[in-house]
Amino acid sequence: MPELPEVETVRRELEPWLTGRTIRIARRVEAPPGPKYRDLERAAGQRILGVARRGKFLLVPLSGGDELVLHLGMTGILSPDPPTQHLRVELALSGPAPDRLYFRDARRFGRCLVVRAGRYAALPTLAALGPEPFDPAFTDEVFAASLARSRGPIKPLLLSQRVVAGLGNIYVDEALFEVGVHPLRPANRVTPSEAGRLRRASIAILERAIAHRGTTFSDYRTVNGEVGAYAARLSVYAHEGEPCPRCGTPIEKLVVGQRGTHVCPRCQPKPRTRRARK
DNA sequence: AGATGATCCTGTATGC
DNA sequence: TGCATACAGGATCATC
């Protein structure tokens, strides 16, 4: 489940390899035609200017004014080695070996398409993406104001990518645990002080996870084929039934917004449901 | 317009 | 052992 730390790890490995090379061939393999893989062939002949990231999206600006947009989805893996199964995209590059980039994606939740640079109409989440967590413009005040505008539960709002970019199911659970906020708490009932702590905790967790090259449960691999080492440092995610690292109460698993969600019932008290009165 | 729920997709785990 | 079923979830779309 690649989230910001996993995608950033991949980006850092791709950047020195790909930058300056020319895409000789870009082709879709074993993937049905459709919006998830579009206009790839347009990348052929264009030089790669760099490898950037916004949230969980990889952005590869090209010399002809186009941009290659990649999303790993759930099971996407980028590698210089061809997979035996589930190959979706192959890029052939100029320059010395390794000169092929393969995009493998078993579950087909990922995407790879070429657009005019910055034109993200085909990618609504990217078009409406919130600030990068590490952007100085993402301040306590900005974050608290975004939360105050929404009455829905805090977790789905953070997963929406509109308030802040790059958080996914794992790191949202970890960050909410860290500050003792229940995932069902209405966003506008998170206090400004809690919002500040949540912002700083999210950044700290993401930075630590990047330092460990992300979290691998099953599919995620770095470009070099390595697993991420952060799974061993998770506090609540995938720890249901185990003692809370802070208070010892067994971690519980519930469903919030159709997502498996992990909480310490003591450190993260469930919000009172305020029912309509008459 | 914001919130909610269904949907996509297949490898892995579980149950009988 | 084999088969059926449940489960995992990021983004998108339909619906209210």
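Residue numbers begin at 1 in each chain, while the letters A, B, ... track the order of the sequences.
The distance from atom CG of A:L4 to atom C1' of C:dG10 is 14 Å, rounded to the nearest whole Å. Atom CZ of A:F57 is separated from atom C1' of C:dA11 by 7 Å (rounded to the nearest Å). We find that CG of A:L159 is positioned 14 Å from P of B:dG5, with the value rounded to whole Å. Rounded to whole Å, atom P of B:dT10 lies 15 Å from atom CG of A:L87. Counting to the nearest Å, the P atom of B:dT7 and the CZ atom of A:R259 are 14 Å from each other. Protein atom CG of A:L158 is 15 Å distant from nucleotide atom C1' of B:dA3, rounded to whole Å. One can place CG of A:N169 at 11 Å from P of C:dA11, the figure rounded to the nearest angstrom. For the pair A:F217 CZ and C:dA8 P, the computed distance is 12 Å after rounding to whole Å.
Where A:R107 and A:T125 each meet DNA chain C at their nearest nucleotide, the meeting point lying more 5' is that of A:R107. DNA chain C is contacted by both A:Y237 and A:L126; A:Y237 maps to the nucleotide lying nearer its 5′ end (nearest heavy atom per residue). Residues A:D219 and A:P153 both approach DNA chain B. Their nearest nucleotides, taken by heavy-atom distance, put A:P153 toward the 5′ side.
Looking at A:R47 and A:S94, their side chains never come closer than 4.5 Å, going by heavy atoms from C-beta outward. When side chains are defined from C-beta on, A:L167 counts as touching A:L206, because their heavy atoms get closer than 4.5 Å.
Minimum atom distance to the side chain of A:L123 is reached by C:dT12, of the listed C:dG10, C:dT12, B:dG11. Candidate nucleotides C:dG10, B:dG11, C:dT12 were compared by shortest atom distance to the side chain of A:R111, and C:dT12 ranks first. Of the candidates B:dG11, B:dA6, C:dG9, B:dG11 carries the atom nearest the A:Q85 side chain, counting heavy atoms from C-beta on. Here B:dT10 is the nucleotide among C:dA11, B:dT10, C:dA8 with the atom lying nearest to any side-chain atom of A:R108.
When the side-chain nitrogen and oxygen atoms of A:Q161 are compared with OP1 and OP2 of C:dA11, one or more of them lie within a distance under 4.0 Å. Close to B:dC9, at under 4.0 Å from its OP1 or OP2, lies no side-chain N or O of A:H86. In this model, the phosphate group of C:dA8 is approached by a side-chain N or O of A:K253 to a distance below 4.0 Å at OP1 or OP2. Listed pair A:H71 / C:dA11 meets the phosphate criterion, a side-chain N or O lying under 4.0 Å from OP1 or OP2. Residue A:Q258 places at least one side-chain N or O under 4.0 Å from the OP1 or OP2 atom of B:dA6.
Here A:F109 counts as stacked on C:dG10: its ring centre is under 5.5 angstrom from the base ring centre and the planes meet at under 30°.
Follow the hydrophobic side-chain contacts under 4.5 Å out from A:V51 and you reach A:I23 in the same cluster.
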Distance-only donor-acceptor pairs under 3.5 Å for side chains of residues 225-233 of chain A, two or more places apart:
| from | atom 1 | to | atom 2 | distance (Å) |
| --- | --- | --- | --- | --- |
| A:E226 | OE1 | A:R213 | NE | 3.3 |
| A:R233 | NH1 | A:H212 | NE2 | 3.4 |

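Contact check of residues 137-151 of chain A against DNA chain B (heavy atom, cut-off under 4.0 Å) returns A:S150, A:R151.
Backbone-only contact: A:G260 has heavy atoms under 4.0 Å from sugar-phosphate atoms and none from a base.
Residue-environment remark: CZ (A:R24) exceeds the threshold of 12 foreign heavy atoms within 6.0 Å.
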**side chain to side chain contact (heavy atoms under 4.5 Å, CB included) between A:F134 and A:I203, intermediate numbers included** = CA-CA 7 Å; A:F134 309 126; A:I203 290 170; 3.8 Å; yes

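Using modelled atom types, one finds a donor on one side chain and an acceptor on the other under 3.5 Å when comparing A:T215 with A:Y171.
Considering only residues two or more places apart in sequence or on other chains, A:Y120 meets the ring pair (Phe, Tyr, Trp, His ring centres under 6.0 Å) condition with none of them.
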